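Quick one: structure below, then a few questions.
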Amino acid sequence: MTSMNTFTNVTPLPRSFYCRETIEVAQSLLGKVLVRRVNEGILAGRIVETEAYKQNDPACHASKGMTKRNQVMFGEPGHAYVYFTYGMHFCFNVVTAPQGVGEAVLIRAVEPLEGIDLMARYRRTNKLTNIASGPGKVCQAFGLGREHNGLDLTDGVLTIVDDGYVLDRIVTSTRIGIRLAADLPWRFYIANNPHVSRR
DNA sequence: TTAATGATGGGCT
DNA sequence: GCCCATCATTAAA
């Protein structure tokens with residue numbers, strides 16, 4: 001059995017990984033691998049950029065209480081919160097903190113590792129660093145949409161795994177594309193990684 | 001720099 | 001219930 005670089009039989013991160021302080025989870029997610037199983041095979045990419053959204057944070061969808069849209073943020077940690085925005089894009093988040101708290105981490109960029117051809121097809125681009133270098137791009141590359149909202153990431157077709165990758169350095173900055181609480185330093189990314197989004 | 005594009009939710013009535 | 005500014009974006013120009 002010489003399976004090189006396939007993430008088929010890797011154990012997903014446990015619930016306890018997500019049931020922690022949201023900033024900690026945002027930083028810990030860097031370097032982990034997002035894996036989706038589809039009929040055509042496996043899509044996998046290393047998480048290189050994240051943002052934390054906390055309950056008492058005006059930029060957080062949950063800051064004004066539970067609504068139909070944000071209800072999974074208040075649910076069990078380790079589930080996917082996928083929402084539609086700007087009339088044409090989806091954003092993929094990971095629910096963090098204990099049940100009832102309403103916090104999450106936005107996955108802003110990943111480095112494609114496996115299923116790159118399929119991702120390129122979904123994205124209609126051939127440039128590697130343009131495949132998943134932004135939150136909307138991540139969803140398009142992995143084919144994520146409404147139907148994935150609420151999925152349990154600890155067991156199923158959409159998971160996050162640890163493949164033992166060791167980071168060089170994490171950079172901290174303010175979050176991108178928000179108006180409220182724009183001064184909070186809750187964006188994290190892997191230094192010198194070409195798949196991190198720019199602006 | 002700006003258009004595309006539509007769901008969401010807060011603030012009314 | 002209606003109105004409408006807003007929006008955790010992207011691609012094209």
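Note that this is a predicted model, so its numbers are computed, not measured. In what follows, every chain begins at residue 1, and chains take the letters A, B, ... in the order their sequences are listed.
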message = Applying a 4.0 Å non-hydrogen cut-off, can you work out what Arg175(A) is touching in the nucleic acid: base, sugar-phosphate, or nothing?
response = nothing

request  = Rounded to the nearest angstrom, tell me the gap between atom CG in Asn149(A) and atom P in dA8(C).
outcome  = 16 Å

ask   = Nearest nucleotide by nearest heavy atom, which residue falls closer to the 5' end of DNA chain C, Arg123(A) or Ala104(A)?
value = Ala104(A)

inquiry  = Output the rounded distance in Å from CG (Asn70(A)) to P (dA7(B)).
reply    = 18 Å

query = Just wondering, more than 12 heavy atoms not from Asp162(A) lying within 6.0 Å of its CG?
reply = yes

Side chain of Tyr86(A) - closest among dT10(C), dC7(C), dT5(B) = dC7(C)

request  = Using atom CZ of Arg146(A) as one end and atom P of dG6(B) as the other, report the distance to the nearest whole Å.
outcome  = 11 Å

ask   = Arg69(A) side chain N/O closer than 4.0 Å to the phosphate oxygens (OP1, OP2) of dA8(C)?
value = no

request  = Whole angstrom is fine here: how far is it from OH in Tyr53(A) over to C1' in dC7(C)?
outcome  = 11 Å

ask   = Nearest-Å distance, CG (Asn93(A)) to C1' (dC7(C))?
value = 14 Å

key: Side chain Tyr83(A) and base dA8(C) donor-acceptor under 3.5 Å   = yes

request  = Measure from CD on Glu49(A) to P on dA8(C) and round the result to the nearest Å.
outcome  = 15 Å

inquiry  = Please classify the nucleic acid contact of Lys64(A) as base, sugar-phosphate, or nothing, using heavy-atom distances under 4.0 Å.
reply    = sugar-phosphate

message = With heavy-atom distances below 4.5 Å as the criterion, would you say the side chains of Trp186(A) and Thr22(A) are in contact?
response = no

query = Between atom CD in Gln140(A) and atom P in dT9(C), what is the gap in whole Å?
reply = 14 Å

query = Do any side-chain nitrogens or oxygens of Arg124(A) fall under 4.0 Å of OP1 or OP2 in dA11(C)?
reply = no

task = Whole angstrom is fine here: how far is it from CZ in Phe90(A) over to P in dT5(B)?
result = 15 Å

inquiry  = Does a side-chain N or O of Thr85(A) approach OP1 or OP2 of dT9(C) to a distance below 4.0 Å, or not?
reply    = no

note = Assert: residue with more 5' nearest nucleotide on DNA chain B, out of Lys68(A) and Gly87(A), is Gly87(A)

Distance under 6.0 Å and angle within 45° of ring axis: Arg146(A) vs Phe84(A) = yes

remark   = Tested for side-chain contact (heavy atoms from CB on, under 4.5 Å) against Arg108(A), the lone hit among Val138(A), Ile176(A), Thr50(A) is Ile176(A)

key: Ion pair Arg20(A)/Glu103(A), N-O distance below 4.0 Å   = no

request  = Applying side-chain contact (heavy atoms from CB on, under 4.5 Å), run through Arg37(A) and Val35(A) and close with a yes or a no.
outcome  = CA-CA 7 Å; Arg37(A) 292 159 178 75; Val35(A) 180; 4.0 Å; yes

message = If you compare every side-chain N and O of His61(A) against the phosphate oxygens of dA8(C) (OP1, OP2), does one of them come in below 4.0 Å?
response = yes

remark   = The Watson-Crick or G-U wobble partner of dT10(C), with both key distances under 3.5 Å, is dA3(B)

task = Indicate, with a heavy-atom threshold strictly under 4.0 Å, whether Phe84(A) touches base, sugar-phosphate, or nothing.
result = sugar-phosphate

key: Nucleotide nearest Met88(A) when distance is taken to its side chain, options dT9(C), dA4(B), dT10(C)   = dA4(B)

ask   = Looking across every strand, which nucleic acid part, if any, lies under 4.0 Å from Arg187(A) by heavy atom: base, sugar-phosphate, or nothing?
value = nothing

request  = Give the nucleotide from the list dT9(C), dA11(C), dG9(B) with an atom nearest to the side chain of Lys137(A).
outcome  = dA11(C)

